[in-house]
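One structure below.
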Amino acid sequence: MKRTKINILLALEKTPGEIIIKGWVRTRRNSKEFCFMEINDGSCLKNIQIIANKDLENYSDIETITTGTSIAVEGRLVESPGKGQKWEIQVSKIEIINMAQDSYPLQKKRHSDEFLRTIAHLRPRTNKYGAVFRLRSEMAFAIHKFYKEKGFRYLTAPLITGSDAEGAGEMFRVTGLDPEKVKKQGKMDFKEDFFGQESNLTVSGQLSGEMFALALGDVYTFGPTFRAENSNTSRHAAEFWMLEPEMAFCDLKENMDHGEELVKYLTQHAINECHEDMNLFTSFVDKSLPKLFDILLNTEFGRISYTQAIEILLKSKQKFEFPVEYGTDLQSEHERFLAEIYFKKPVFLTDYPKEIKPFYMRMNDDEKTVAAVDLLVPRIGELIGGSQREERLSVLEKRMEEMNLPMEDYWWYLDSRKFGSAPHSGFGLGFERFLMMITGINNIRDVIPFPRTPGSIDF
RNA sequence: UCCCCAGUAGCUCAGUUGGCAGAGCAAUUGGCUGUUAACCAAUGGGUCCGCGGUUCAAGUCCGUGCUGGGGAGCCA
């Protein structure tokens, strides 16, 4: 007989009779004549209760089973006479697969998130982190589903890149050079290196995405991204996942329409497909989540220009630590004011001064601002960052000159503007930040299986 | 990288004015009960983060380092 997963059993209307389950013991309660155990197999948040009677041949072992032990259970699924569960299993046989040792660090009570980070290899066995990582899996699937339905192609952009000036932050160097030799020579000779030149881990798949959007039409990349910034915050990680759609024949407004549709779709998907896990977040992490979901699903996101945002901030009676000034990037407190207090919903900010944005963003007619867009959401800040791309060769070259970028390194990028260039747009959405938003979890380390942050690469 | 806060039992935390190291949970042992983070009792468990200093005496005060957390910058 094959094992049945617990989520399947718990959803049954009537008993199939004899079944086998396999999983891990969450708690055991002994009686004189029998003992109760709660078993979890990771298929869902809920445990199933089993009742083992004293007449089982290995009962003396069974009554010493510890939390965390893996077992296989044969028995009959019956309606539970007790309160709190519909089904339970009357056991006919228990095989102890591996007894958890006494030092098993997870207990039947709440642990702090900080402690659980120190045992990141075991934390998915807790209710909260089980829910987080089931949701993460489901959301990754939902992204592919959304784009499949919209006719996008999935592009797997390279993770090792030769270009070192994408403008998205510090990069991790990739090298095969022998450290001893480098030390002796006093410098890194990249001509000797694996690729014959400098190479780094990617900070964005965007440039690849643009090339493929100009061939396949609508594409998206979804994968890991690396930043060597020494960022010590609850919203940054050195390795994170980013979704980057790139669309041909698409302007800034359509880009925003797409972003809003995406956020609404993913939120709805989470609510529909992860009902039980989402309820845990609402109950134990952030009770205001239902209100947020109502806003995300049922209101139109705000849309204002950078210039309008500056005016709103200047006119507001709010006291800010940093002054509001046209021409500089908004501070966190300014972004939070806009999303949390002024609009009370997600808001797109567009058309930033060219000086504070990268070279590839399309120059507006005023020649002062570019067609950039950020989506600011309450509590998280920037969820999406994107733009309409500069498709005009001469304008693009002029910008690159102004910013002292090595044009020859970008010959292939510039080619796309020579051979059938077309308006196109795209953005990056931080996958972990999206997960933080819909779970209420405040630290990015708690929505990544094994987080990588400055000074921390355990597991 | 900068600013602020914290570090005491396996976990969560208390520790008064500087004066004997504590509780709950977990573990172990026993009891009890169709139990629901079961309950009751007993037992074991400490480099009070490290180093240095002040003092008759430091978990407590001072300096310093490390680790963790919150915030800022950078960004997704």
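None of the values given here were measured: they were computed from a predicted structure. No hydrogens, no waters, no symmetry mates; every other heavy atom, side chains included, goes into these values. In the text below, chain A, chain B and the rest are named by the order of the sequence lines, each starting its count at 1.
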- When rounded to whole Å, the CG to C1' distance for the pair L116(A) and rU12(B) reads 12 Å
- Task: Report yes if at least one side-chain N or O of R26(A) is closer than 4.0 Å to OP1 or OP2 of rU36(B); otherwise report no.
- Result: no
- Message: Could you tell me how far apart K128(A) (NZ) and rA37(B) (C1') are, to the nearest whole angstrom?
- Response: 17 Å
- With a 4.0 Å cut-off, would you call K128(A) and D113(A) a salt bridge? yes
- Residue whose nearest RNA chain B nucleotide is more 5′ - S456(A) or K83(A): K83(A)
- Pair of N/O donor and acceptor under 3.5 Å linking rU1(B) base with N232(A) side chain: yes
- Query: Do you know which of Y147(A), F348(A), Y265(A) makes ring-ring contact (aromatic ring centres under 6.0 Å, His included) with H258(A)?
  - Reply: Y147(A)
- Query: L243(A) near the nucleic acid: base, sugar-phosphate alone, or nothing, with a heavy-atom cut-off under 4.0 Å?
  - Reply: nothing
- Message: On the side chain of H236(A), is there an atom forming a donor-acceptor pair with the base of rC75(B) - under 3.5 Å, no angle test?
- Response: yes
- Message: Taking only the C1' atom of each, what is the distance from rU29(B) to rG69(B) in whole angstrom?
- Response: 39 Å
- S112(A) vs rU12(B): side-chain N/O to OP1/OP2 distance below 4.0 Å: yes
- Query: What about Q90(A), does its side chain sit under 3.5 Å from the base of rG34(B) through a donor-acceptor pair?
  - Reply: yes
- Query: What distance, rounded to whole Å, do you find between the two C1' atoms, one in rG46(B) and one in rC13(B)?
  - Reply: 15 Å
- Note on the structure: In T15(A), I6(A), L9(A), the residue satisfying side-chain contact (heavy atoms from CB on, under 4.5 Å) with W87(A) is T15(A)
- Message: Just the rounded figure in Å: distance from P of rA27(B) to CG of D102(A).
- Response: 8 Å
- Between P of rC74(B) and CG of D374(A), the distance in whole Å: 12 Å
- Task: Would you mind reading off the distance between I444(A) atom CD1 and rA76(B) atom P, rounded to a whole angstrom?
- Result: 12 Å
- Item | Separation of the P atoms in rG24(B) and rU64(B), to the nearest angstrom | 39 Å
- Is there a donor-acceptor pair closer than 3.5 Å between any side-chain N or O of Q388(A) and the backbone N or O of L252(A)? yes
- Message: Does the structure show a Watson-Crick or G-U wobble partner for rA72(B), both distances under 3.5 Å? Name it, or say none.
- Response: rU1(B)
- Query: When we call it a touch if two heavy atoms are under 4.0 Å apart, what does E432(A) touch: a base, just sugar-phosphate, or nothing?
  - Reply: nothing
- Item | Under-4.0 Å side-chain N/O to phosphate OP1/OP2 contact, Q49(A) with rU35(B) | no
- Please report, rounded to the nearest Å, how far the P atom of rU35(B) is from the CD atom of E63(A). 19 Å
- rG50(B) versus rU33(B) - spacing of their P atoms, nearest Å: 48 Å
- Task: For rC3(B) and rG45(B), measure between their P atoms and round to the nearest Å.
- Result: 44 Å
- Taking atom C1' of rG34(B) as reference, at what distance in whole Å does atom NZ of K54(A) sit? 16 Å
- Query: Considering Watson-Crick and G-U wobble pairs with both distances under 3.5 Å, what does rA6(B) pair with?
  - Reply: rU67(B)
- Task: Determine the contact category for E88(A): base if any of its heavy atoms lies under 4.0 Å from a base atom, sugar-phosphate if only primed atoms, P, OP1 or OP2 are that close, otherwise nothing.
- Result: base
- Task: Check every strand shown and say whether P81(A) touches a base, only sugar-phosphate, or nothing at a heavy-atom separation below 4.0 Å.
- Result: base
- Gap in Å between the two P atoms, one belonging to rA14(B) and one to rA6(B), rounded: 11 Å
- Does rC48(B) have a Watson-Crick or wobble partner in any strand here, with both distances under 3.5 angstrom, and which is it? none
- Task: Give the C-alpha distance, both sets of side-chain angles, the deciding distance and a yes or no for side chain to side chain contact (heavy atoms under 4.5 Å, CB included) between F212(A) and T221(A).
- Result: CA-CA 10 Å; F212(A) 273 71; T221(A) 71; over 6 Å; no
- Task: Would you indicate what N230(A) reaches in the nucleic acid, counting non-hydrogen atoms under 4.0 angstrom: base, sugar-phosphate, or nothing?
- Result: base
- Query: For G84(A) and D329(A), take the nucleotide of RNA chain B holding the closest heavy atom to each; which residue's nucleotide lies nearer the 5' end?
  - Reply: G84(A)
- Note on the structure: For L266(A) and A142(A), the nearest pair of non-hydrogen atoms, with its separation, is CD2-CB, 3.7 Å
- Message: Under 4.0 Å, heavy atoms only, any strand: does L383(A) hit a base, just the sugar-phosphate, or nothing?
- Response: sugar-phosphate
- Message: For a quick check, tell me whether the side chain of E333(A) and the base of rG71(B) share a donor-acceptor pair closer than 3.5 Å.
- Response: no
- Whole-angstrom distance between rA27(B) and rA9(B), as gauged at atom C1': 12 Å
- Using the C1' atom on both, measure rG18(B) against rA57(B) and round to a whole Å. 8 Å
- Confirm from the modelled atom types if Q107(A) and rG10(B) form a donor-acceptor pair under 3.5 Å, side chain to base only. yes
- Query: How many angstroms lie between CG in D61(A) and CD in E63(A), if you round to the nearest 0.5 Å?
  - Reply: 9.0 Å
- Any side-chain N or O of T225(A) under 4.0 Å from OP1/OP2 of rA76(B)? no
- Task: Please answer whether rA76(B) and F240(A) are stacked, defined here as ring centres separated by less than 5.5 Å and planes angled under 30°.
- Result: yes
- Can you find a donor-acceptor N/O pair under 3.5 angstrom joining the side chain of R433(A) to the base of rC75(B)? yes
- Message: Taking 4.0 Å as the cut-off, does a side-chain nitrogen or oxygen of R29(A) come that near to OP1 or OP2 on rU35(B)?
- Response: no
- Query: Is there a donor and acceptor pair closer than 3.5 Å between the side chain of S231(A) and the base of rC74(B)?
  - Reply: yes
- Query: Has the side chain of Q85(A) got a donor or acceptor that lies under 3.5 Å from a partner of the other kind on the base of rU35(B)?
  - Reply: yes
- Message: Taking donor-acceptor contacts at under 3.5 Å, does the side chain of R110(A) reach the base of rA37(B)?
- Response: no
- If you count the non-hydrogen atoms of other residues, nucleotides and ligands that lie under 6.0 Å from CD in Q101(A), is the total more than 12? no
- Message: Please tell me whether Y306(A) and Y326(A) form a close aromatic pair, meaning their ring centres lie under 6.0 Å apart.
- Response: yes
- Item | Pair H121(A) + F450(A): ring centers closer than 6.0 Å | no
- Query: Between K108(A) and rA38(B), is there a side-chain N or O to OP1/OP2 distance below 4.0 Å?
  - Reply: yes
- Item | side-chain N/O S234(A) vs rG71(B) OP1/OP2, d < 4.0 Å | yes
- From CH2 of W87(A) across to P of rU36(B) the rounded distance in Å is 23 Å
- Task: Report yes if a side-chain nitrogen or oxygen of R445(A) is closer than 4.0 Å to either non-bridging phosphate oxygen (OP1 or OP2) of rG68(B); otherwise report no.
- Result: no
- Query: Looking at the side chain of T233(A), which of rG70(B), rC74(B), rA76(B) is the nearest nucleotide?
  - Reply: rC74(B)
- Under a 3.5 Å limit for both distances, which nucleotide forms a Watson-Crick or G-U wobble pair with rG24(B), could you say? rC11(B)
